[in-house]
K.L.:
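Below are the structure tokens for one structure; questions will follow.
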Amino acid sequence: MKRESDTEIERAGEKRLIILSLQPQPYGLIMQGIKKHEFRRKFLDTSVNAFIYVSSPVKAIKAYIEFDAPIVDEVDPIGRIAEQEGSGTLSGITAYMKGLKTGYAIPIRSFREIEPLTLEELTNTYHFTAPQSYIFADSRPELKEELLRRLHIDGEVSDDRRIYSTHSRSISGITHR
């Protein structure tokens, strides 16, 4: 019988795996299950899995997110997605995507916190520099291996780390115990 963690690790091997930077405020909205899409000016045109680096003042890789294929559309429809889920406004998205014809709304399929890896440890051990947007995990094989190890271990450990998954684009918060 497969455990949830085994399935997630298999998915991480099937899809492109990236390390994605997020600011603390959007990260908090994702943790709370409010933010169901990540909005980007540019992104990959396929579904990906990502380890999440939370920028200053947190400065750590703290989570793993499985993303569905992005919605690529004109800026106004992308802004309406943000308004509908309550994570942003049409005017905010329009300002963020100023000058673009299209933008990306990347649906969040699942979210899971992992044991944090601090910027100090990332820098000293893996010579990691925080990305402005994202980097491919394959560019840092030792770091990728450590992150997958933490994902696997956290899947087996009984703790209070927040996990949720989406079904029909609705998010439900589940606490693993």
Side-chain angles (χ1 to χ4, degrees), residues 11-12 14-114 116-120 122-123 126-140 143-144 147 162-173:
R11 286 184 195 145
E14 292 171 9
K15 293 182 183 179
R16 292 299 303 257
L17 186 59
I18 63 174
I19 300 170
L20 179 73
S21 281
L22 288 178
Q23 294 177 354
Q25 194 257 352
Y27 176 77
L29 293 174
I30 291 170
M31 269 184 54
Q32 295 169 38
I34 295 168
K35 186 171 164 79
K36 300 169 186 78
H37 295 80
E38 173 59 14
F39 300 95
R40 294 282 166 148
R41 295 172 55 88
K42 295 180 182 179
F43 201 70
L44 302 167
D45 289 327
T46 185
S47 58
V48 297
N49 295 330
F51 285 98
I52 304 302
Y53 174 81
V54 183
S55 62
S56 186
V58 176
K59 299 181 185 177
I61 295 178
K62 295 190 58 153
Y64 174 82
I65 294 178
E66 184 180 76
F67 290 103
D68 282 334
I71 299 164
V72 183
D73 205 339
E74 293 178 355
V75 174
D76 281 357
I78 297 294
R80 283 193 288 279
I81 292 170
E83 283 189 332
Q84 286 175 339
E85 73 180 28
S87 69
T89 63
L90 177 59
S91 61
I93 293 294
T94 301
Y96 170 63
M97 296 187 179
K98 185 176 181 173
L100 299 178
K101 287 186 176 183
T102 60
Y104 293 80
I106 309 117
I108 297 167
R109 181 180 182 91
S110 68
F111 168 89
R112 181 157 94 205
E113 289 186 294
I114 63 168
L117 197 54
T118 66
L119 182 57
E120 182 179 355
L122 288 163
T123 302
Y126 303 101
H127 311 289
F128 175 84
T129 303
Q132 288 294 316
S133 182
Y134 65 88
I135 61 170
F136 292 102
D138 287 338
S139 70
R140 303 276 192 211
L143 175 57
K144 177 183 173 182
L147 291 169
R162 186 167 167 82
I163 298 175
Y164 70 67
S165 61
T166 59
H167 302 283
S168 303
R169 301 213 185 200
S170 66
I171 294 178
S172 61

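Quick note: numbers below take in every heavy atom, side chains included, and nothing from hydrogens, waters or symmetry partners. Note that the coordinates shown come from a computational prediction; the quantities given were computed from them, not determined experimentally.
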K.L.:
Output a table of donor-acceptor pairs, distance under 3.5 Å, between side-chain atoms of residues 70-82 and any protein atom two or more places apart or on a different chain; print 'none' if there are none.
P.N.:
none

K.L.:
Output a table of donor-acceptor pairs, distance under 3.5 Å, between side-chain atoms of residues 91-98 and any protein atom two or more places apart or on a different chain; print 'none' if there are none.
P.N.:
unit_1: Ser91; atom_1: OG; unit_2: Thr89; atom_2: OG1; d: 3.3
unit_1: Thr94; atom_1: OG1; unit_2: Leu90; atom_2: O; d: 2.7

K.L.:
Does CD in Gln23 sit with more than 12 non-hydrogen atoms of other residues, nucleotides or ligands closer than 6.0 Å?
P.N.:
no
K.L.:
If the condition is side-chain hydrogen bond (donor to acceptor under 3.5 Å, both in side chains), which residues does Ser55 pass it with, not counting sequence neighbours?
P.N.:
none
K.L.:
Can a donor-acceptor pair be found, under 3.5 Å and without considering hydrogens, that links the side chain of Lys15 to the backbone of Phe67?
P.N.:
yes
K.L.:
To the nearest 0.5 Å, tell me how far Leu29 CG sits from Ile34 CD1.
P.N.:
5.5 Å
K.L.:
Quick one: list whatever passes side-chain contact (heavy atoms from CB on, under 4.5 Å) with Ala60, sequence neighbours left out.
P.N.:
Val58, Lys62, Pro116
K.L.:
According to the interplanar angle, ranging from 0 to 90°, do the rings of Phe128 and Tyr53 count as parallel (below 30°), tilted (30 to 60°) or perpendicular (above 60°)?
P.N.:
tilted
K.L.:
Say you draw a straight line from OG1 of Thr102 to CZ of Arg41; how long is it, rounded to the nearest 0.5 Å?
P.N.:
10.5 Å
K.L.:
Show every salt bridge (Lys or Arg N to Asp or Glu O under 4.0 Å) that has at least one partner inside residues 131-140, sequence neighbours left out.
P.N.:
Asp138-Lys144
K.L.:
Just to verify, what does Tyr104 make a side-chain hydrogen bond (donor to acceptor under 3.5 Å, both in side chains) with, not counting sequence neighbours?
P.N.:
Asp45
K.L.:
Run the side-chain hydrogen bond (donor to acceptor under 3.5 Å, both in side chains) test against Arg40 and tell me which residues pass, sequence neighbours left out.
P.N.:
Glu38, Ser133
K.L.:
By side-chain contact (heavy atoms from CB on, under 4.5 Å), which residues pair with Gln132, not counting sequence neighbours?
P.N.:
none
K.L.:
Tell me, which pairs form a salt bridge (Lys or Arg N to Asp or Glu O under 4.0 Å) where one or both residues lie in residues 18-30, sequence neighbours left out?
P.N.:
none
K.L.:
In chain order, what residues pass the ring-ring contact (aromatic ring centres under 6.0 Å, His included) check against Tyr126, with sequence neighbours excluded?
P.N.:
none
K.L.:
With heavy-atom distances below 4.5 Å as the criterion, would you say the side chains of Leu143 and Phe51 are in contact?
P.N.:
no
K.L.:
Which heavy atom of Pro57 sits nearest to which heavy atom of Pro24, and what is that distance?
P.N.:
CD-CG, 3.8 Å
K.L.:
Give a yes-or-no answer on whether the side chains of Thr118 and Glu120 include a donor-acceptor pair shorter than 3.5 Å.
P.N.:
no
K.L.:
Which distance, rounded to the nearest 0.5 Å, do you find between the CG of Leu44 and the CZ of Arg16?
P.N.:
7.0 Å
K.L.:
Quick one: side-chain hydrogen bond (donor to acceptor under 3.5 Å, both in side chains) partners of Ser47, sequence neighbours excluded?
P.N.:
none
K.L.:
Which residues pass the side-chain contact (heavy atoms from CB on, under 4.5 Å) test with Ala63, sequence neighbours left out?
P.N.:
Tyr27, Ile52, Phe111
K.L.:
Show your reasoning for whether side-chain contact (heavy atoms from CB on, under 4.5 Å) applies to Leu17 and Phe136.
P.N.:
CA-CA 6 Å; Leu17 186 59; Phe136 292 102; over 6 Å; no
K.L.:
Picking from Asn49, Ile30, Leu20, what satisfies side-chain contact (heavy atoms from CB on, under 4.5 Å) with Ile65?
P.N.:
Ile30
K.L.:
Looking only at heavy atoms, which two atoms of Lys36 and Gly33 are closest? And how far apart?
P.N.:
NZ-O, 3.7 Å
